[in-house]
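Residue numbers begin at 1 in each chain, while the letters A, B, ... track the order of the sequences.
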There are 2 protein chains.
Amino acid sequence: MKSKDKVTIYDISKRLNISAATVSRALNHNPKISEKTRELVAKTAKEMNYKQNRLAQALKQGRTNNVGVIVPYINRSFFSSVIRGIEEELTPHGYHIIICQSHEEAENEAEQINALLSTQIDGIFMSVSKTTQKTDHIQKVLQEHTPLVFFDRKIDVPGVSSVVLDDFRAGYIATEHLIKEGCRKIAHLSGDINLEIYKNRYEGYIKALKDYHIDFIPNYVIEVNSKIESGMQAINELWKLNEKPDAIFSAGDYAALGAMQELRARKIKVPEEVCVVGFSNEPFTKYMELPITSMDQTPQEMGKIAAQVFLEQVKKNSTLSIEKKVVLPPELLIRESSSRKIHNLSDAS
Amino acid sequence: MKSKDKVTIYDISKRLNISAATVSRALNHNPKISEKTRELVAKTAKEMNYKQNRLAQALKQGRTNNVGVIVPYINRSFFSSVIRGIEEELTPHGYHIIICQSHEEAENEAEQINALLSTQIDGIFMSVSKTTQKTDHIQKVLQEHTPLVFFDRKIDVPGVSSVVLDDFRAGYIATEHLIKEGCRKIAHLSGDINLEIYKNRYEGYIKALKDYHIDFIPNYVIEVNSKIESGMQAINELWKLNEKPDAIFSAGDYAALGAMQELRARKIKVPEEVCVVGFSNEPFTKYMELPITSMDQTPQEMGKIAAQVFLEQVKKNSTLSIEKKVVLPPELLIRESSSRKIHNLSDAS
DNA sequence: TTGTACGCGTTATCAT
DNA sequence: ATGATAACGCGTACAA
């Protein structure tokens, strides 16, 4: 048990009676090193089980090849899929991913950013928390000239790139779909309007109603969170009204699920009496006996594109940060919960 | 735009005409520093927007406060939940989590381990891939005296701690439950037996049959993967037999779901004609109109415990690694898919 | 209480 | 083609 200590290039250099510099060069495929020594070094390095200390290398070079990702929660299908996308795009470039959760708290978010910056990460990907209002912590990132890419949930900060869904369009498409199914009294279960994504979905909904000359009824808009119960409660609210809705467009899948469960409890038939559309294409939406129409956000793709934006940004190692805004198209996956003309089912994947 | 460069303790020391050492001590709350200078340093540090370079600190101290987690895929409810558990337990201790995916390839796994070791992580958490057979890469970790903790999927390596589910017991409980529901012809959709977890579930199944004096029928065991289709196919196979099963115990939820879909397509009633039990408590199992009985593995808890095992290991900075094996009890969540005596529903959460 | 000097493991610059 | 040396930013033993 003598070899507790890690072996360094010095150990190799001593063994071979050459300088550490030569070892370093040999290991890095420096063309000025003779083939002989290169191979010799490589061989003994393997023998001695040498592993480069990327810490020292990073300190020297000023970059760690680590990037940070901050999400509200990691164990949500959407976020973990985005992360997977980022990881798959960045791993081939030698990057590693450090994951942080904000737990939807702006405070945590700021702390995580500080921690990431102090570990000298080369970039930050982030989806802001619901409670984030101030941009102080974002400014810190920019001050350090650390590339920052928002995905899905962004806030507007000059100089920050973002990859988001076209939520306005998504809201429009969802609502339009319901209208085309013959619905006229369309309720909307909205998320917290402080988040751009929910605001945009809401506005898309409004716009579609307008375009199709359907009166907007404020009472038809209920704010929900991403819990099933809030969807149930929303139905309870809506069914107190004189004019019951004939469709539900929910800005989230969990609320949509809750709504469906409550509708079923009330013996209201979906989609015959009420059509339901959710949002996010959570896995469960398609596995249900009565699959829920939902909006796909191609999260893995979103992650990959975010990663590409980041890579572009570091390639051109310009001091000033480039701002790139990518907007992805949403895709409505029409399933039974909103499909009255069953034989027209355009998709059910 | 002059301040491209990060500010160091030297910058602070110059500004205050004191030595960098004093600054360092002040920042680290060294008791030998006067309160005055401590506050002065703290104040100007904040003013100058100083952030400690944890890279340099890590190089100096020999520890990075980063740990690595290797999972087959990150966007699986089970794994992302375990990661969340690890993260929640370790963040308060100042650790950060680096995530890697093996994509179920032993080769990737070995690469990821090398990469992690070279970044000098302080520990590794891992759930081995399906294809992992050799333990060479594991040995490397041990050689470097880096704490290693397996979770869920482990392989037996002396000196490595692990936190796993009692899969044998889980298999037993699931099968016993089906027997108590009156089933006698119980089929088993098994995972790849090369993985301990699936082997144990299988053996638990066998043991339960034996204890209840039910003949084991080899044809009732079908190997599936974690895709829905394989569950459908399994039903197709089973229904070619003369004696059709009256129950399905699936080692995975996706296969169980596929089985249920295929049963429904065949107009076979669940649970009246066939009872179904899945495994993992994937979110969708409880959201279905006909919720699926499933085995909960308390993944977040598993992550937390794995983290605690790691913390213990680093606390006692003993050179020799301690081996600690934690086995968690499974919890069967009985839902409609296997509940013939509906009023006895012990749970449906 | 504070300053000086060194080392962590690498790479880059300047010699040779 | 190879060697000597400085530097990255920090913490600490030793000195004062």
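- Annotation: ring pair (Phe, Tyr, Trp, His ring centres under 6.0 Å) contacts involving residues 17-50 of chain A, sequence neighbours excluded, are absent.
- For B:Asn30, there are no side chain to side chain donor-acceptor pair (under 3.5 Å) partners at least two apart in sequence or on another chain.
- Think of the region where chain B sits on DNA chain C: with heavy atoms and a 4.0 Å cut, that region ends 5' and 3' at C:dT1 to C:dG9.
- Applying the side chain to side chain donor-acceptor pair (under 3.5 Å) rule to A:Thr131 yields the partners A:Ser129; only residues at least two apart in sequence or on another chain are considered.
- Applying the side chain to side chain contact (heavy atoms under 4.5 Å, CB included) criterion to A:Asp156, with sequence neighbours excluded, gives A:Lys154, A:Glu196, A:Lys325.
- Heavy atoms of other residues, nucleotides or ligands lying less than 6.0 angstrom from CD of A:Gln139 number more than 12.
- For the side chain to side chain donor-acceptor pair (under 3.5 Å) test, residues two or more places apart in sequence or in another chain that qualify with A:Ser19 are A:Thr22.
- For the pair B:Thr37 and B:Gln61, nearest-nucleotide mapping onto DNA chain C gives the more 5' position to B:Thr37.
- Interface residues of residues 45-58 of chain B facing DNA chain D, ordered by number: B:Tyr50, B:Gln52, B:Asn53, B:Ala56, B:Gln57; criterion, heavy-atom separation under 4.0 Å.
- Applying the ring pair (Phe, Tyr, Trp, His ring centres under 6.0 Å) rule to pairs touching residues 81-121 of chain A yields A:Tyr73-A:His103, A:Tyr95-A:Phe310, sequence neighbours excluded.
- Protein chain B contacts DNA chain D over a range whose 5' and 3' limits, counting nucleotides with an atom under 4.0 angstrom from a non-hydrogen atom, are D:dG9 to D:dA13.
- Axis angle between the ends of the helix from C:dT1-D:dA16 to C:dT16-D:dA1, five pairs each and rounded to 10 degrees, works out to 40°.
- In summary, the side chains of A:Thr132 and A:Glu109 do present a donor paired with an acceptor at a separation below 3.5 Å, with no hydrogens or angles considered.
- Taking every heavy atom of residues 20-34 of chain B and every atom of DNA chain C, pairs under 4.0 Å involve B:Ala21, B:Thr22, B:Arg25, B:Lys32, B:Ile33, B:Ser34, by number.
- Side-chain polar atoms of B:Gln300 and B:Glu88 form a donor-acceptor pair below 3.5 angstrom.
- Annotation: side chain to side chain contact (heavy atoms under 4.5 Å, CB included) contacts of A:Val326 (sequence neighbours excluded): A:Val163, A:Ile305, A:Val309, A:Lys324, A:Leu328.
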